[in-house]
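Chain A is the first sequence line, chain B the second, and so forth, proteins listed ahead of strands; every chain is numbered from 1. None of these values were measured; they are calculated from a predicted model.
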Amino acid sequence: MDFGFKLSPSSAVNLDTVDRRRYDRLVQLEPDALTCIGCGSCSATCTAAPWSGMSVRKVILGLQRGRDDEVDAMLSRCMLCGKCTMVCPRGINTRHLILTLCRLDKNGEAVR
Amino acid sequence: MVNRTPVIAVIGAGIAGLEAARQLAALGYEPVLIEKAPVAGGHVAEWNRLFPDMTPASEVIRPLLEQTSGIRTCLDTEIASINRLKDGFNLVLSDGSSLICQAVLFATGFHLFDASKKEEYGYGIYDRVITNRDLEQWFNTRHDPRVDHPKAVGFVHCVGSRDIKAGNAQCSKVCCITAIKQAIEIKEEFPDAEVYCFYMDLRLFGKKYEDFYIKAQRDYGIHFIRGRVSEVGEAIDGRVVVKAEDTLSGKPVRVTLDLLVLMAGIVCNPDAQHYAREIGATVDEDGFLKSRNNLAAITESSRPGVFFAGACTGAKTVPETLAEARSAALAIHQYLSKRG
Amino acid sequence: MIYQGKQKIWADYQKEIPDDHWFYVRSCIRQNFFPASEKYFLKICRDLLGRDIYESEHHTTCAGIAYHCDTIPQETAMTVVARQFALMTEAGYDNLVTSCITSFGNYTEILETWREFPELEEKIREHLWKACRREFNKPKYIAHASDLVYKLRGEIAERARYQLVSRATGEPLRIVEHIGCHYSKMFPHKGVGGAEYPCVLSGMAEAWGGQVIDYPERRHCCGFGFRQYFVKANRGYSLSNTHKKFESMEPYHPDMIITNCPGCPYFLDRWQYVIAEMEGKTYGQNGYGIPAFTYEELAGLVLGVDPWDLGLQVHQVAVEPLLDKIGIPYDPAKKYLGMDEKKIKTPGLPATLKCC
């Protein structure tokens, strides 16, 4: 029956069921990713961010929260210029992190 | 009148009182420690290990107790009344005795916030909700049925701190780093457990604190979620369901945990307020005792002969408290020397 | 769950509820949704327990619903409320008891506002005088009708014909209690038991033999949320909140839900049909729903009032399986007979949610 309204999808993240396999594999390969403090320096300086929504901070957070589709959309906008790596206060090699991540599918398996 | 050694009443035999008494005795005075509890050592003696080097608390407490063993210490003792005399003070103790002294040092410390006041967190109602102090007790005794091989553990920062509604606007300073310490200890004990820290801001100001945080992130994989827990409920299996917002992604999060640790904050000690009012010292707006000058004279009250050391004026770390105790001893020495 | 911990909190949130002499104000909507609830509140208090409760045919809406929908300013709501106080004063009463939770919240909020801003009270007194030449005293006590039933729960228990237990097993019924948001979330000290663990309904349920369930989404809103439901574009939010509650309570297999708000039992009852149609999911036993009651209906049931006199036939979720479980007799043939014993229309049965 069409009531003219529906159950609204919830934006809440359930950490009990979130799929973190890709994140877990990433941090095995790039343990520095664990030390992100979400300061946003990377996004603030990003060449692609203002136009495309790319943000290394959000990529790392999105992986922790199981938002894989959002992560892939952001990664596809990266131009690999390396500016984010220059500004990261934790010294995370963000450019390398992005390249590593592009080689992992959502299950954390190597794709190429 | 016979020229006697000046007596200094030190109220509280926690680390501030013990260290100050030790210094005062070394300077040739006669300190008298007055302690409400049946043992000396205060909060630190109840703790297991201390940040950021995981130093056993006993390594701080034991030498202090040894070096103050010759000092007159009144345990299980409260102060019935304080009267100001012409050149000193008369303290009537709960055993009925009277203590005439030339100076009074408040080393009255703090109270740990009563976590049950944050009703939404369910301390005292939900079985798996404990406090930072309960967890230290577990580290000490390894006996608490609530800590039973947890697979998922949460830490709630700022419980009763930075909380105007709870009557405490101030930051308790030591809870962020204590949460990180306890999270690491839980992870060492239960390596397979997922550990979450829910924080508002991480205030890691002290020496080596940031290194400790990086270690918690990189070596222990502890999850830090920037968002204050809003509500805790109990699931049918007795585990706790925690709701917060992950403010960095702007989305609500929920997680089911086997153990939730509330980082109860540092609040003023009502006894200290009572004694301060009797002796004519000032209580500050935050409930802690008010120093004559917050920059240059933190250990001095506005009343001559009345001094402060440690957390009676606000949240302090162990090294800050010990340094203040020494500073207070010197301030007392100068005060008594001037009087001749 | 540590029951003593809750008792400790309940001890901190006890409010004074006078025993007798109340001026009663009805809800705008409850007589449509739950037609016998207010009637049986009055019957039980007056006829059975001998209390003096007065109501005036001149009383109107408290304007709380319009205030919460942002269609009138609060000063207008205050003037409407001032007129109810005038009616109470004219009738010679000091104690005001409200049927509606939003009214209770509205009255409480207004009195608290006047306490903080006495000049506003003076202004409203002027408004009222200009509008209808009336004057008023503020009530000495304000209670929600569930507060009063909570206070009288022991007297009701003494006269109860049925217990909230399974006749077959003797086990207490598993009861979800749901408190209207405007009862104590705004002013925790004005509600019995506070806002986090209110005991106004759980106290009744336990006094009458039931066992209360505490489930993770217990404190969550029923989903009504005036502007979520009234605006069709937002109605999915209303449904989603209710759905969230049912998903959370489902593992506990509740026998019934009891409520103290006009909207909550309506939404907790009717949305079960909508969820069943949309999702194919039902939450009771054998394809039925979980029946949701007002506390007056519950009091009427334990006192042995005929279920059809209590208006339980207008519930969406069938109550018969629960009546059978307790052992309360009813005549299925009389379910849809009106007050004059003539048949009112029998509703069609839904496709998914099993009904009688």
Of the backbone (N, CA, C, O) and the side chain (C-beta and beyond), which part of [X] lies under 4.5 Å from a heavy atom of chain B, both, or neither?
X	answer
Tyr215(C)	backbone
Tyr3(C)	neither
Glu217(C)	side chain

Validate the cation-pi geometry between Arg153(C) and Tyr150(C): distance from NZ or CZ to the six-membered ring centre under 6.0 Å, angle to the ring axis within 45°.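 Satisfied, under 6.0 Å and within 45°.
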Do Arg142(B)'s NZ or CZ and the ring of Trp138(B) fall within the cation-pi criteria of under 6.0 Å and 45°? yes
In terms of side-chain heavy atoms, does Tyr141(C) have a donor or acceptor partner in Glu16(C) at a distance below 3.5 Å?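 Per modelled atom types, Tyr141(C) and Glu16(C) side chains form a pair under 3.5 Å.
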Give, as side chain, backbone, both or neither, the part of Arg128(B) having an atom under 4.5 angstrom from any heavy atom of chain C. neither
Quick check on Val240(B) against chain C: is it the side chain, the backbone, both or neither that has a heavy atom closer than 4.5 Å? neither
Identified ring pair (Phe, Tyr, Trp, His ring centres under 6.0 Å) counterpart of Tyr213(B) within the set Tyr220(B), Tyr199(B), Phe224(B): Phe224(B)
Please answer whether the main-chain N or O of Val192(C) pairs with a side-chain N or O of Tyr183(C) as donor and acceptor at a distance below 3.5 Å. yes
With a 4.5 Å cut-off on heavy-atom pairs, point out which of Gln4(C), Glu196(C), Lys8(C) contacts chain B the most.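 Of the options given, most contacts go to Glu196(C).
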